Amino acid sequence: MKIAIAGSSGFVGSWLKKSFDDVIEINRVDFKNNNFGKIKDCDILINLCGAPIIQRWNKKIKKEIYDSRIQTTKKLVQALENSNIKHFISTSAVGYYKDEELFDEYNAKNSSDFLGQLTKNWESEALKSEIPTTILRFGVVLDKSGGALKKMYLPFSLGLGGNIDDGKAWFSWIDLYDLLSIFHFVIEKKITGTLNATSPNPIKNEEFTSTFAKILKKPAFLPLPEFVLKIIFSEGAQALTSSKRVVPKKLMESGFEFKYETINKSLNRSINGIIL
């Protein structure tokens, strides 16, 4: 099976391409020149494109975040029309959901903030595809090689970690190894529709903080107040202070088995190399 991946140079993409035998990479030059002939004879197209969310937002950055998802997805959907691809897998995020409430795919309520509307429009573009399509709404992907955990590793390893604000915000996450397995599961089982790619066990920020610190054998007593995050990231602080409580009901109904379903298992795998 030949897999085309757009966004293969990113954190998740760099790992995902290693997990397949035959991968065609779609890069920035291809998007710039509208050169998608290389995907014509592929079987699966995976869309992982998107500029980093965690940065200081201004009008220019928000446009970059938006266009890097919406415009690239539009181009990929158009490219599908001239290909033999049988399954399109596009990504989204739990930023789609409103805060605090417990959501699965069946009772979804869309947030009205920037990330909520971004993910809504992102998914809408992908669903214009006329071939079988899957949308994966990522939780925060955990592995110390990249993403949020890589950024947090240094301060926590120095004993300088702590809760975000009061630590009561919900945290929906997914272990990197489980996420890679989800892609393979969805392809093998030909599952379509919208799926939450999250652990079945969302936790509060304070539980994440205490577990991370315990595994590193370090204290974690320096809370990061919300107002400080707003000074650093401006409106972009919402990506760190939002409270998403999401479960992957459709994946569980489909028979997917998580190996790293608890935060303790996931962090032990990533930090201490304990592979199940």
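In this text, all values refer to a predicted model and were calculated from it rather than measured experimentally.
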Inset, instruction - Determine whether N121 and Y66 make a side-chain contact, defined as any pair of heavy atoms from C-beta on separated by less than 4.5 Å. - result: yes
Inset, instruction - Measure from NZ or CZ of R56 to the centre of the six-membered ring of F233 and say whether it is under 6.0 Å with the direction within 45° of the ring axis. - result: no
Inset, instruction - List the steps and the verdict of side-chain contact (heavy atoms from CB on, under 4.5 Å) for F183 and L136. - result: CA-CA 9 Å; F183 276 98; L136 293 179; 3.7 Å; yes
Inset, instruction - Answer yes or no: is there a donor N or O on one side and an acceptor on the other, between the side chain of T192 and the main chain of P132, under 3.5 Å? - result: no
Legend entry - Backbone N/O of V29 and side chain of N27: donor-acceptor pair under 3.5 Å: yes
Legend entry - Counterpart residues, side-chain contact (heavy atoms from CB on, under 4.5 Å), relative to K62 (two or more places apart): W57, F114, E235
Inset, instruction - Using side-chain hydrogen bond (donor to acceptor under 3.5 Å, both in side chains) as the criterion, point out the one residue from S199, S270, S266 that pairs with D175. - result: S266
Inset, instruction - Under the side-chain contact (heavy atoms from CB on, under 4.5 Å) rule, collect the residues that match up with I231, sequence neighbours excluded. - result: F227
Inset, instruction - Please lay out, stage by stage, how D165 and T241 fare under the test side-chain contact (heavy atoms from CB on, under 4.5 Å). - result: CA-CA 8 Å; D165 207 36; T241 59; over 6 Å; no
Inset, instruction - Look at atom NZ of K86 and say whether more than 12 heavy atoms of other residues, nucleotides or ligands are closer to it than 6.0 Å. - result: yes
Legend entry - Side chain E101, main chain K98, donor-acceptor under 3.5 Å: no
Inset, instruction - In plain terms, say whether D99 and K244 are close enough for a salt bridge, that is, a side-chain N and a carboxylate O under 4.0 Å apart. - result: yes
Inset, instruction - Look only at the side chain of S172 and the backbone of P202, and say whether a donor-acceptor pair between them is shorter than 3.5 Å. - result: no
Inset, instruction - Kindly say whether M1 contributes a backbone atom to a donor-acceptor pair with the side chain of D43 at under 3.5 angstrom? - result: no
Legend entry - Non-hydrogen side-chain atoms of N47 and I89 separated by less than 4.5 Å: no
Inset, instruction - Please find out if less than 6.0 Å separates the ring center of F256 from that of F258. - result: yes
Legend entry - Verdict with reasoning, T91 to W122, per side chain to side chain donor-acceptor pair (under 3.5 Å): CA-CA 8 Å; T91 48; W122 191 10; 5.1 Å; no
Inset, instruction - Evaluate the side-chain proximity of Q55 to I61: yes if any heavy-atom separation is below 4.5 Å, no if none is. - result: yes
Legend entry - Side chains of V77 and F88 in contact at under 4.5 Å (non-hydrogen atoms): yes
Legend entry - More than 12 heavy atoms of other groups within 6.0 Å of D21 CG: no
Inset, instruction - Step through the shown structure and confirm whether more than 12 heavy atoms of other residues, nucleotides or ligands are within 6.0 Å of NZ on K265. - result: yes
Legend entry - Note, I5 side chain near I3 side chain (heavy atom, < 4.5 Å): yes
Inset, instruction - Please round to the nearest 0.5 Å and tell me the distance separating atom NZ of K214 and atom CG of N264. - result: 7.0 Å
Inset, instruction - Would you verify whether the NZ or CZ of R245 falls within 45 degrees of the ring axis of F103 while also being under 6.0 Å from that six-membered ring's centre? - result: no
Inset, instruction - Indicate yes or no for a side-chain donor-acceptor contact from N196 to the backbone of V247 under 3.5 Å, with no hydrogens or angles considered. - result: yes
Legend entry - Ion pair check, D104 and K250, cut-off under 4.0 Å: no
Inset, instruction - Supply the atom-to-atom distance Q78 CD to T73 OG1, rounded to the nearest 0.5 angstrom. - result: 11.0 Å
Inset, instruction - Might you work through the side-chain contact (heavy atoms from CB on, under 4.5 Å) test for Y260 and I274, ending with a clear yes or no? - result: CA-CA 10 Å; Y260 303 98; I274 300 175; over 6 Å; no
Inset, instruction - Check whether any side-chain heavy atom of I135 sits under 4.5 Å from a side-chain heavy atom of L127, and report yes or no. - result: yes
Legend entry - Electrostatic pair K128:E125 at N-O distance under 4.0 angstrom: yes
Legend entry - Polar side-chain atom of S83 near backbone of I85 as donor-acceptor pair, under 3.5 Å: yes
Legend entry - Any donor-acceptor N/O pair, D67 side chain to E64 backbone, under 3.5 Å: no
Inset, instruction - Tell me who clusters with V140, hydrophobic residues only, linked when side chains sit under 4.5 Å apart either directly or through other members. - result: L142, L149, M152, Y153, F156, F171, W173, I203, F208, F212, I215, L216, I263, L267, I271
Inset, instruction - Determine, for F20 and K2, whether the Lys NZ or Arg CZ falls below 6.0 Å from the six-membered ring centre while staying within 45 degrees of the axis. - result: no
Legend entry - Within 6.0 angstrom of K230 NZ, more than 12 heavy atoms from elsewhere: no
Legend entry - Under 3.5 Å: donor-acceptor pair, side chain of D178, backbone of I174: no
Legend entry - Whether S111 side chain and G116 backbone form a donor-acceptor pair below 3.5 Å: no
Legend entry - Side-chain donor-acceptor contact under 3.5 Å, T209 with N163: yes
Legend entry - Residue that, paired with D143, satisfies salt bridge (Lys or Arg N to Asp or Glu O under 4.0 Å) out of K150, R269, K151: R269
Inset, instruction - Show the numbers, then the answer: is there a side chain to side chain donor-acceptor pair (under 3.5 Å) between E105 and T194? - result: CA-CA 7 Å; E105 300 90 343; T194 302; over 6 Å; no
Legend entry - Student check: side-chain heavy atoms of K75 and N34 closer than 4.5 Å: yes
Legend entry - Candidate pair I275 and Y177, rule side-chain contact (heavy atoms from CB on, under 4.5 Å), full reasoning: CA-CA 10 Å; I275 308 296; Y177 278 30; 3.8 Å; yes
Legend entry - Flag side-chain contact, heavy atom, 4.5 Å: N205 against K168: no
